[in-house]
Amino acid sequence: MHIGIQELPKNLEMLYFFHKGKVMLDIKLIRNNLEKVKKAIIAKHEKVNLEKILELDQLRRQKLTQVEDLKCERNKKNELISKAKQSGQDAPVAMEEMGKISDQIKALDAEVARIDAELESLMLWLPNIPADDVPEGTEEKNQVIRTWGEPKKKDFPAKPHWDLGKNLGLFELDRAAKLSGSSFSMFTGLGARLERALLNFMLDTHIREGYKEVAPPYLVNRKTITGTGQLPKLEDEMYYSAKDEFFLIPTSEVPLTNFYQDEIIPGELLPIYLTSATPCFRREAGASGKDTRGILRVHQFNKVEMVHFVAEDQSAASLEKLVHDAEGILQQLGLTYRVVLLATGDMSFSSAKTYDLELWAPGVERWLEVSSCSNCTDFQARRANIRYKMKGGKPKFVHTLNGSGVAIPRLMVAILENYQEADGHIKIPPVLVPYMGGVTVL
RNA sequence: GGAGAGAUGGCUGAGUGGCCGAAAGCGGCAGAUUGCUAAUCUGUUAAGGUAAAUUUUUGCCUUCGCGGGUUCGAAUCCCGCUCUCUCCGCCA
């Protein structure tokens, strides 16, 4: 009696697309840093059965040594038979013994496979461990690191972007709702052109800073989206095409980070910087009622993303570069923003340290999150199996970082609300004028 | 969608049932040698797991696209899947 992997329950089988015997979050790290892992689980509000993981880990190793001993015996017998056959003799006793051993191996192998699958399905729920310099606690422990510019009030009553957009014909939210439903946007006329201008301006800027532009797929498979850590936790947040088992990307972090999935990058190529402008698709499940007006929260939006691949001793510095590159966009656009260091409880599943960039919007009188820059350390690299190798060295997991540079809708809101004039028109920020074909006012 | 071909180590590529984890070549690394920006010779050259020991080793196991099956034994035979290429069809 043996259980093949195909007879596993569907949910386990789905998780077993990973390399055989490969465990994505280092089980040794868990064994050796139990307290840190526990703390991370609590900080990030996850529920993971650590005891079960440790128990399965132990059981797995126990079974593994058993089956390996048997395999060793089998190999020896096989050699015996092989030699006998080659000298024209027969080895009926050894052959019969080997048959018995093989049966035992099959049974044990199946058991190990089942344990592996269960272990992996549990381990996929373990979040990344926050870096030591991240403040502990929930949202209210977030720290404003610096502010650029001043959150000024207009010397006339500032209009919110939905009024500005409607008056100037920059977007058509009613018609977007007609086509798709609530929380969809549709830029029109010079509004659409402004979006295109922003995307091009941001991409061009990043390319100049050493990023390679990528135009990736927007539909990705389950393995890819598990690699970056959106799955299994955020399954309900994503649009999914069941017929083809594709997920619509919630951010281009997913295809960009998985660019080197299952690869060993030659060490001398690091650091590698990728950027792309893609749509992002988010169901925003559980967010209904929040930010319903205007385009602050929509199911589909465009975003320019930056991703870094670096050696482990470079990731802390790389995060600063990433934030700096995102800030550069906002500075060139002359927008007031602040940099916020997120507390452990406000960080995403995959992140060890995150800075948010928030733009000041005088119309809605709020700080708007337009960028989230995260150091994911080796967390995503383990899941996606991305390594690098220096000459003569052993392969190691890379560190991956990602940050928006930046997301369009809230950037658009900030531009419209900040650059509005008393007469209801909107000035185009000077850096965008060339991208607008010379248009200076909306 | 249909027909066919293929998938082997960093790369090229041999291997149709038994010391094949895998020939050979290239590339890489180390050494030797030659007076010249290179040649020649020699050696070496994967990843993962696990145990002992321990900071560097040693033993054992696994891995020839993925997953099953046949067999005492599978890179090799059979089945399913994925991907790549060629041709046909369809199509933005």
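Every value quoted in this text rests on a predicted model; they were computed, and no experiment measured them. A note on names: the letters A, B, ... follow the listed sequences, proteins ahead of strands, and every chain is numbered from 1.
- Every residue meeting the side-chain contact (heavy atoms from CB on, under 4.5 Å) condition with A/L179, not counting sequence neighbours, appears here in chain and number order: A/M186.
- In terms of the side-chain contact (heavy atoms from CB on, under 4.5 Å) criterion, residue partners of A/Q143 (sequence neighbours excluded) are, by chain and number, A/P135, A/I145, A/L341.
- A/N75 comes within 4.0 angstrom of sugar-phosphate atoms only, judged by non-hydrogen atoms across all strands, and of no base.
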Could you run down the sub-3.5 Å N/O contacts of the protein with nucleotides 72-79 of chain B?
{"from": "B/rC72", "atom 1": "O4'", "to": "A/M95", "atom 2": "O", "distance (Å)": "3.3"}
{"from": "B/rG73", "atom 1": "OP1", "to": "A/S102", "atom 2": "OG", "distance (Å)": "3.3"}

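- A salt bridge links A/E79 with A/K83: the closest approach of a Lys/Arg side-chain nitrogen to an acidic carboxylate oxygen falls below 4.0 angstrom.
- At the heavy-atom level, A/P92 lies nowhere under 4.0 Å from the strands shown.
- Under the 4.0 Å criterion applied to side-chain N and carboxylate O atoms, A/R222 and A/E235 are assigned as salt-bridge partners.
- When each of A/K71 and A/E68 is assigned the nucleotide of RNA chain B bearing its nearest heavy atom, the one mapping closer to the 5' terminus is A/E68.
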Sort me out a list of protein N/O and nucleotides 6-9 of chain B N/O pairs below 3.5 Å, or just none if empty.
none

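- Residues passing the side-chain contact (heavy atoms from CB on, under 4.5 Å) test with A/N49 are A/E51, A/K52, sequence neighbours excluded.
- Partners of A/D103 under the side-chain contact (heavy atoms from CB on, under 4.5 Å) rule, at least two apart in sequence or in another chain, do not exist in this structure.
- Along RNA chain B, the nucleotide nearest A/E79 and the nucleotide nearest A/L64 are compared for position; the residue whose nucleotide lies closer to the 5' end is A/E79.
- Side-chain polar atoms of A/T251 and A/K303 form a donor-acceptor pair below 3.5 angstrom.
- A/K77 comes within 4.0 angstrom of nothing in the nucleic acid, heavy atoms only.
- Picking from B/rU50, B/rC60, B/rA47 the nucleotide with the shortest atom distance to the side chain of A/R31 gives B/rU50.
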